[in-house]
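Below you'll find the structure, written out as structure tokens, and then a few comments.
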Number of protein chains: 2
Amino acid sequence: MTNRATRTPSERIGPDVLTAAREILDDEGPDGFTVRAIAQRANVAPMAIYNHFDGVNGVLEALWIEGFEKFLDALTFETGDSDDDLLRTAVAYRSFALENRGLYTVMFMHRFRGFQPSIAAAQLAAQTYQTLVDSVGRCQQNGLFANTAASDAAQVIWSACHGYVSLELLGINFAADRDATYQLLLTTLRDGFR
Amino acid sequence: MTNRATRTPSERIGPDVLTAAREILDDEGPDGFTVRAIAQRANVAPMAIYNHFDGVNGVLEALWIEGFEKFLDALTFETGDSDDDLLRTAVAYRSFALENRGLYTVMFMHRFRGFQPSIAAAQLAAQTYQTLVDSVGRCQQNGLFANTAASDAAQVIWSACHGYVSLELLGINFAADRDATYQLLLTTLRDGFR
DNA sequence: GACAAGTATAGAACAATGTTCTACAGTTGT
DNA sequence: ACAACTGTAGAACATTGTTCTATACTTGTC
């Protein structure tokens with residue numbers, strides 16, 4: 001409910017809108033993601049979304065960038081034990097997706113009407129992939145992934161993790177124990193690459 | 001362009017609408033999927049989509065069912081060599097997705113506004129999964145997947161295949177040789193499960 | 001403290017969408 | 001030939017993204 005008398009300070013509008021947008025995606029999925037709904041939840045005028053972002057697509061772009069920055073951070077481990085780092089990365093991949101359904105939906109699942117990430121935003125996605133490639137590369141010095149290009153192994157791992165969590169988010173993951181089956185996925189990949 | 005003078009026979013409307021809907025999804029993705037666009041492409045009045053289907057959601061439901069029936073058929077192999085059958089199934093999984101982008105999008109990727117498959121339609125999806133579980137089960141008699149429940153192994157395989165092709169359809173698969181990297185994914189899983 | 005500039009707001013307005021309703025006219029079965 | 005069926009066009013409505021305008025609140029400056 002927008003309060004007619006009060007007025008949100010400029011510097012709060014950006015964060016408030018993004019938080020509201022993220023919450024709506026988390027709670028209702030893409031269906032509830034409308035200009036008016038976001039503005040109402042952020043306690044802000046619908047116009048604010050055009051003054052502070054480039055409309056709905058601008059909000060999506062901002063969420064995309066925020067998402068990949070958080071994602072990159074969540075996936076990065078450098079403890080010195082590269083095999084363990086990679087395992088942690090894979091586990092963190094799923095945790096991030098489950099804890100940030102909305103962001104993950106924007107980043108990897110739903111095609112929002114008329115939205116296409118900018119070049120810079122797309123590069124952020126590529127950078128995240130590169131992090132995974134680097135992590136695989138460090139493992140190669142220990143003998144793991146000896147017979148494959150790091151980029152190919154990274155693509156395989158990413159695909160498997162993404163597939164598992166995206167089916168989970170869609171509600172069509174039939175595993176009895178989802179944590180355990182994700183572990184099975186990871187150990188199967190590790191053994192398969194040996 | 002709807003031709004004012006002519007009138008489409010009743011029995012052609014259903015198939016024509018579904019074909020047009022599939023083509024629009026293949027060509028333009030979810031963005032172009034509107035009642036008016038479908039009707040125009042099918043050379044049919046917009047009203048036909050309400051008389052013959054339950055609106056847009058009815059068309060999606062029909063595509064979902066059509067998709068899973070074709071998918072189930074494409075994935076089924078029983079040559080007697082169960083290990084080879086499973087490999088063929090996995091290869092066919094990707095081929096189906098690439099050749100039926102629109103159907104695959106409806107089935108596994110995009111959340112269309114207000115659409116939820118019926119119970120019967122959801123059971124079709126579960127039945128497809130069951131086919132994969134059965135295929136894995138037959139392999140267990142040869143010693144493959146000896147240490148895991150067939151349903152868990154099936155979930156792992158499905159996840160990996162889905163992840164690979166959905167990233168591919170989204171345009172964020174970075175593999176240099178996509179066919180070869182899909183093969184790498186499959187052999188890695190096979191070796192990992194041994 | 002007062003004023004001017006900046007900017008958040010409400011509300012109207014437009015196009016595109018899903019959907020419903022109605023009058024009309026082509027098609028088909030008897 | 002006629003009646004029942006049903007596909008069609010078109011208007012109409014609610015909801016959506018978007019733009020525009022007038023108003024009024026805030027803030028920086030004197």
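Computation of the quantities below employed the complete heavy-atom set of this structure, encompassing side-chain atoms and omitting hydrogens, waters and symmetry-equivalent molecules. Lettering follows sequence order; numbering is per chain, from 1.
The stretch residues 19-29 of chain B does not touch DNA chain D, since none of its heavy atoms comes less than 4.0 Å from the strand.
One can place CZ of A:Phe53 at 15 Å from P of D:dG17, the figure rounded to the nearest angstrom. Between B:Met47 atom CE and C:dG18 atom P the separation is 14 Å, expressed in whole Å. Per the geometry, NE2 belonging to B:His52 stands 8 Å off C1' belonging to D:dT6, to the nearest Å. Going from atom OH of B:Tyr50 over to atom P of D:dT8 covers 15 Å, rounded to whole Å. Atom pair A:Phe112:CZ and D:dT16:C1' shows a separation of 15 Å (rounding to whole Å applied). To the nearest angstrom, P of D:dT6 lies 18 Å from CD1 of B:Ile49. When rounded to the nearest whole Å, the span between CD of B:Gln40 and P of D:dG10 equals 13 Å. Residue B:Asp31 contributes atom CG, which lies 13 Å from atom P of D:dG17 at whole-angstrom precision.
Side-chain N/O atoms of B:Tyr104 and B:Tyr93 include a donor and acceptor closer than 3.5 Å.
With hydrogens and angles ignored, the 3.5 Å screen pairs no side-chain donor or acceptor of B:Trp64 with any backbone N or O of B:Val106. Counting only distance, with no hydrogens or angles, the side chain of B:Gln155 and the backbone of B:Ala150 share no donor-acceptor pair below 3.5 Å.
When heavy atoms are screened at a 4.0 angstrom cut-off, A:Phe33 is found touching the sugar-phosphate backbone but no base atom.
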Original post:
Going through the checks in order, is the side-chain hydrogen bond (donor to acceptor under 3.5 Å, both in side chains) test met by B:Thr79 and B:Asp85?
Top reply: CA-CA 7 Å; B:Thr79 64; B:Asp85 284 349; 2.8 Å; yes
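At a threshold of 4.0 Å, the pair A:Lys70-A:Asp73 does not count as salt-bridged, since none of the basic side-chain nitrogens sits closer than that to a carboxylate oxygen.
Set against C:dG18, C:dT9, D:dG10, the side chain of B:Val56 has C:dG18 as its closest nucleotide. Closest to the side chain of A:Thr34, out of C:dA10, D:dA9, D:dG17, is D:dG17. Distance from the side chain of A:Ala48 is smallest to C:dT9 among C:dT9, D:dG7, D:dG10.
A 4.5 Å side-chain heavy-atom check between A:Leu144 and A:Asp83 finds at least one atom pair inside the cut-off.
With hydrogens and angles ignored, a donor-acceptor pair under 3.5 angstrom links the side chain of B:Arg36 to the base of C:dT19.
Across B:Phe33, B:Phe115, B:Phe112, a single residue satisfies side chain to side chain contact (heavy atoms under 4.5 Å, CB included) together with B:Val56, and that is B:Phe33.
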